[in-house]
Structures are given as C-alpha cells and as structure tokens.
Trainee: 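Following this message is one structure expressed as structure tokens.
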Amino acid sequence: MSTPKVLRPDAQRVREALVARRERLRSAWAEHDECGDAIVFVPSGLVVGIEGSDQPYEFRGHDDHAYLAGAREPGQVLVHDPEEGWTLFAHEASQEDRVWHGATPEPEAQAEALGVERAQPTDELGAWLADRAGRPAALLGSRDVLERPIGYGLHPGDLEALAFDADLSERVEARVHQARRRKDEVELGFLRAAAACSAAGHQAGMERARTGMSERTLQVEIETGFRRAGAERPAYATIAVGGPNTAVLHATPGDRTLQDGDLVLVDAGAEVGGYDSDVTRTWPVASAFTPSQRALYEIVLEVQQAAIGEVAAGVEFRELHLAACRRLAAGLVDFGLLIGDPDGLVERDTHALFFPHGLGHMLGLATHDVGGWAPGRERSDRPGLKYLRIDTPLAAGDVVTIEPGLYFVPALLADANLRHEHHDAVNWELADTMAQWGGIRIEDDVLVTEDGREVLTAAIPKTVDGIEAMRAS
C-alpha cells in the first residue's frame, strides 16, 4: 500500500488566518459592546502528572487558546487589552529545559510566527496584571490557572488584580465558540489533511485485518497508517473491535481475535495541525458480507447517504436526525425486526433500542466540537433524543459528522421494562437470536457549503462492493 502525500496549510497562511480570527473577534466584541475595557485572558493549560508516577499525561492545550493563538504549548497565556491589542506570554527556556527537552523559540519569535503583536516572558505576567488592577476580565481557555498559577509564572494573589466576571466570561466564550463554528480556509485545509490521513489508516486496517488478528493489533495497523501519512496522533481513542464488541458504542480494543463471520467496526480518526477527523467503517473479516450482514448494512448505508444528501445551510439538525430515525425504522420493519408504522415507532422511541445515539456532532479542534446547541433550547430526556449533540440550524462553514448506527445491545434487549414497553413493536424472537450479533455504524465528516455539502472523507470505501473489493485484495 502506498502512503499518499498529505498537504497541509503552510506557515504563512496559518499566520494570516490567526491574525484575521483575532481581528474578527476584536471587532465583534467592540461592535456588540461585550467587553468594554475588560481584559480577555486565555491560558493554554498545564502538563498534568500521572499520580504515583514520574510521567505526565500527553499534553493537549485548550482548544480556545489554540484557535486564537495557534499553538498548544503548556503555560502560555494569550491576553487581549482593548487599549493595546493582543499579547502572548510564553515561557523562556531555562538551561535545565534545554538540557532535558531541547531548545525552544524565545517568546518574541513565537509571537512573530503566530502573528501576535507583542510577546513577554511569563515571569512578567504578574507585573502586567498589577498594572491593570481592578479592570474587569473574561477568563477563557483553561481554568487551571486559578488552581495552579505558579505554572504560569504567577505568585499566589497575582490574579486578584483582575476582577474575573463569570457572566462576561460566558458571553465572550459564546462569541468565540460561535466563531469557531464557521471554519476558515486554513482550518478546512487541516481538516482535509486529517481526512486524508484517516483514509490511509482505514485503508491499512481494511487491507491487513485477518482471522486471528487481535483487536489491539488492528488498532496499531490503523494508527500507524495515520502517522505514516503525516498525522501527529489519533484524534481520539481508537475503536477497532469485532463480533459482539461492535455493539459497544465506546469499546476499547483488547485481546479478542477477529473471527471469520465477524463484522469489524472501526471508529478512528487522525489529527493534523490540531484538527480532527472522525470516521467509522464496518466491514466483514471474511472477504464478503453474509446475507444478513449485507441486508442490515445496506439499511444503515441508505440512512446515512440520505442524511448526507439532506445536509444544507438552514436545515435543522434535529429534523435531520429524526428523518434518519424514521428511515432506519422503516428498514427494520421491512427486515422483520420492528412491527408497525415507522412514524409511530419513532414517536414511541422504539427505534432507540437499536439506534441509541444521535446522528452526529460538530467537528473541528475537538472531536465533539463547540457550537452545536442553539441558545435557549432545552435538552430532551426522550431515549431517541437524549444523546443528540446538535440542535441548531446548520450553517455554511459547519463541519459535522453523519453517523447512523444499528446495534444489538444485550443491556437494552434484556431490559424487562423496555421489553414490556415495546412488547408489540419488536419481533422479540428475532431480536433474541441476534443478541450477540454486534452492530454497524457508518460515519463521515461533512462540510456544509453555501450550496450544499462536501464529504471530506469520501475517499474511504463504504459501499458493499467497495468494501468487498478492498477485503478481497
């Protein structure tokens, strides 16, 4: 298998995009009079040690800081003072740092690369705060600065100079999250690169999986494919499981070996430049689907393709989800698993016994990115809606996942209360024979455009013919 060359935005384009983002937010704060003379304080986060060990968890800076500063370095603080603009506070490397971790750019060089107007070392942050004593402030980014100020070069009490305002912080954060929804061209460049790296990993998994391979070995093959293509890391904990484990929504790969006759479910994505891809494919360990696997797979595929075809600016995602639920219910009625009218089955939430999650989520700097819930909308406790992650009209520039699923989950099928509630709506004899059957999920990353949509992960096979051709190879 050849590894494709994955292109990503160059440093100059990234710098220009960061400058434009900060300027747009500064203008929006001024236009809506949200900040007045308030300071906006955005820490990146600190390294967290593993208790009982001398090792740290892998550092991943706060997404709001990454969006505004363009970096994920621990202990940085990006600040905005309306009287002077943006300043980056960054650590100056000590001799000990250089010995153990190597040289790092000076704060001025970091700020220049990121297009920030000014830079100062973090040990000057306390004096900077003292000069602005009494000013209101919005706190974005990592809140760990409140508990671990010393990691930012601050002394206890230094933060008392600013009057952090919870309501102001919430309003300013909402403005940043609104801005993060609409992806600029540099962000889309990173998302396309992440999708290309994901394609390489999924292809590696489809080509190399075989009977007797452990789930964990399959995970290694996939993640190696990501990195060979240029990804920094997996975007999230990879799910690569077979057989009954495919019905566990957030399963962890283990020692179980893939068996002929199993389905394999791989939910895995690559991260490039801090931006995430999120893709799921389901395929047989054998070279072809069995008749029942094919029938159920094609139901889920039809639901997914129809939902993608309806993605457009202005479409309410909740309605997109409910339409997918109705299509799935109709398919399961035809299959003989559900009994009744699809609309009525969805109103009763019978479908949620087999599709217990939402249709998708926002995607960007986080796998489950911000901006998915319209202000003022209440969350439902209905089984068919309680795990919905988006309830807002879609807009051009959004990137969302579309990921319907169909699962035979023992914990749901064996629940006496659910069996009583849906006694007349499920062919329970058939459901019981499929209790260890597993599950199917198909997921793609979709950009909402001005005139429709673009499937960023379209290169990864998902038709029955495409998958079987890949497996046969």
Side-chain angles (χ1 to χ4, degrees), residues 1 198-226 238-269 278-305 328 331-332 334-337 354-355 402-410 413 430-431 433-444 457-473:
M1 181 189 71
S198 294
H202 277 267
Q203 180 178 339
M206 283 189 192
E207 289 183 344
R208 297 177 181 178
R210 61 191 182 277
T211 301
M213 174 184 281
S214 74
E215 294 172 341
R216 190 172 292 111
T217 301
L218 176 60
Q219 174 189 5
V220 170
E221 294 284 359
I222 293 163
E223 293 179 359
T224 300
F226 293 164
T238 294
I239 300 167
V241 293
N245 292 342
T246 59
V248 180
L249 299 185
H250 286 170
T252 300
D255 293 331
R256 185 188 185 278
T257 58
L258 306 181
Q259 303 298 317
D260 197 26
D262 280 353
L263 285 177
V264 173
L265 188 151
V266 173
D267 186 338
D278 187 355
V279 186
T280 307
R281 293 291 186 265
T282 307
W283 34 269
V285 173
S287 60
F289 291 92
T290 67
S292 64
Q293 288 172 349
R294 183 182 185 121
L296 291 173
Y297 184 89
E298 288 184 332
I299 290 171
V300 179
L301 180 62
E302 189 278 329
V303 170
Q304 200 233 13
Q305 290 176 323
L328 182 70
L332 294 181
D334 291 342
F335 184 78
L337 182 64
F354 304 95
F355 177 28
I402 300 294
E403 51 177 304
L406 166 60
Y407 316 89
F408 294 87
V409 183
L413 300 183
L430 176 57
T433 67
M434 303 184 75
Q436 296 298 312
W437 195 89
I440 296 166
R441 182 164 64 252
I442 309 171
E443 176 183 21
D444 281 293
T457 48
I460 306 172
K462 66 179 177 181
T463 64
V464 169
D465 289 346
I467 287 172
E468 290 184 346
M470 182 78 74
R471 292 298 295 141
S473 70

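This structure is a prediction, so every number in the text was calculated from the model and none was measured.
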Trainee: Check for a donor-acceptor pair, side chain of Q259 on one end and backbone N or O of T257 on the other, with a separation under 3.5 Å.
Mentor: yes
Trainee: Give the intermediate values and the outcome of side chain to side chain contact (heavy atoms under 4.5 Å, CB included) for residues L265 and D267.
Mentor: CA-CA 7 Å; L265 188 151; D267 186 338; 4.2 Å; yes
Trainee: Taking atom OG1 of T217 and atom CZ of R210, what is their separation to the nearest 0.5 Å?
Mentor: 7.5 Å
Trainee: Taking all non-hydrogen atoms of both residues, which atom of H202 and which atom of F226 are closest, and how far apart?
Mentor: N-CE2, 4.4 Å
Trainee: Kindly give the heavy-atom pair with the smallest separation between G269 and S198, and that separation in Å.
Mentor: CA-OG, 3.6 Å
Trainee: Under the criterion side chain to side chain contact (heavy atoms under 4.5 Å, CB included), I'd like the reasoning laid out for T246 against V264: C-alpha separation, chi angles, the key distance, then a yes or no.
Mentor: CA-CA 7 Å; T246 59; V264 173; 5.8 Å; no
Trainee: Drop me the distance from D444's CG to Q305's CD, to the nearest 0.5 angstrom.
Mentor: 9.0 Å
Trainee: Between R471 and P284, is there a donor-acceptor pair closer than 3.5 Å when you use the side chain of the first and the backbone of the second?
Mentor: yes
Trainee: Could you check whether any side-chain heavy atom of V266 comes within less than 4.5 Å of a side-chain heavy atom of I222, counting everything from C-beta outward?
Mentor: yes
Trainee: Measure the CG-CG distance between L337 and L296 for me, rounded to the nearest 0.5 Å.
Mentor: 8.0 Å
Trainee: Between CH2 of W283 and CD1 of I467, what distance do you get to the nearest 0.5 Å?
Mentor: 9.5 Å
Trainee: Tell me if a side-chain donor or acceptor on R256 pairs with a main-chain N or O of E215 at a distance below 3.5 Å.
Mentor: no
Trainee: Look only at the side chain of T224 and the backbone of V220, and say whether a donor-acceptor pair between them is shorter than 3.5 Å.
Mentor: yes
Trainee: For the pair I299 and D334, evaluate side chain to side chain contact (heavy atoms under 4.5 Å, CB included) and give the outcome as yes or no after the intermediate values.
Mentor: CA-CA 10 Å; I299 290 171; D334 291 342; over 6 Å; no
Trainee: Could you tell me whether the side chain of D255 reaches within less than 4.5 Å of the side chain of S214, counting heavy atoms only?
Mentor: no
Trainee: I need the Q304 CD to L328 CG distance, nearest 0.5 Å.
Mentor: 12.5 Å
Trainee: Measure up the F408 and W437 rings against each other and bin them: parallel (under 30°), tilted (30 to 60°), perpendicular (over 60°).
Mentor: perpendicular
Trainee: So, do F289 and Y297 have ring centers that fall under 6.0 Å from each other?
Mentor: yes
Trainee: Please give me the minimum heavy-atom distance between A200 and G225, naming the atom from each residue.
Mentor: CB-O, 3.8 Å
Trainee: Using every non-hydrogen atom in the two residues, find where A472 and S287 come nearest and quote the distance to one decimal.
Mentor: CA-CB, 4.4 Å
Trainee: How close do I239 and H250 get, counting heavy atoms only, and between which atoms?
Mentor: CD1-CA, 3.9 Å
Trainee: To the nearest 0.5 Å, what is the distance between OG1 on T282 and CG on L301?
Mentor: 10.5 Å
Trainee: Which residues pass the salt bridge (Lys or Arg N to Asp or Glu O under 4.0 Å) test with E298, sequence neighbours left out?
Mentor: R294
Trainee: For the side chain of E221 and the backbone of L218, is there at least one donor-acceptor N/O pair under 3.5 Å apart?
Mentor: no
Trainee: Keeping the roles fixed (side chain from R281, backbone from A268), state whether a donor-acceptor pair exists under 3.5 Å.
Mentor: no
Trainee: Starting from the C-alpha separation in whole Å, work towards a yes-or-no answer on side chain to side chain contact (heavy atoms under 4.5 Å, CB included) for V241 and V248.
Mentor: CA-CA 9 Å; V241 293; V248 180; over 6 Å; no
Trainee: Could you work out, with salt bridge (Lys or Arg N to Asp or Glu O under 4.0 Å) as the rule, every residue matching E223, not counting sequence neighbours?
Mentor: none
Trainee: Is there a side-chain contact between Y407 and L249 (heavy atoms, below 4.5 Å)?
Mentor: yes
Trainee: Verify the distance criterion only: is there a donor paired with an acceptor across the side chains of D260 and T211 at less than 3.5 Å?
Mentor: no
Trainee: Could you tell me if the side chain of L332 sits less than 4.5 Å from the side chain of L406, heavy atoms only?
Mentor: yes
Trainee: Locate the shortest heavy-atom distance separating L413 from A431; write the atom from each residue and the value.
Mentor: CD1-O, 3.9 Å
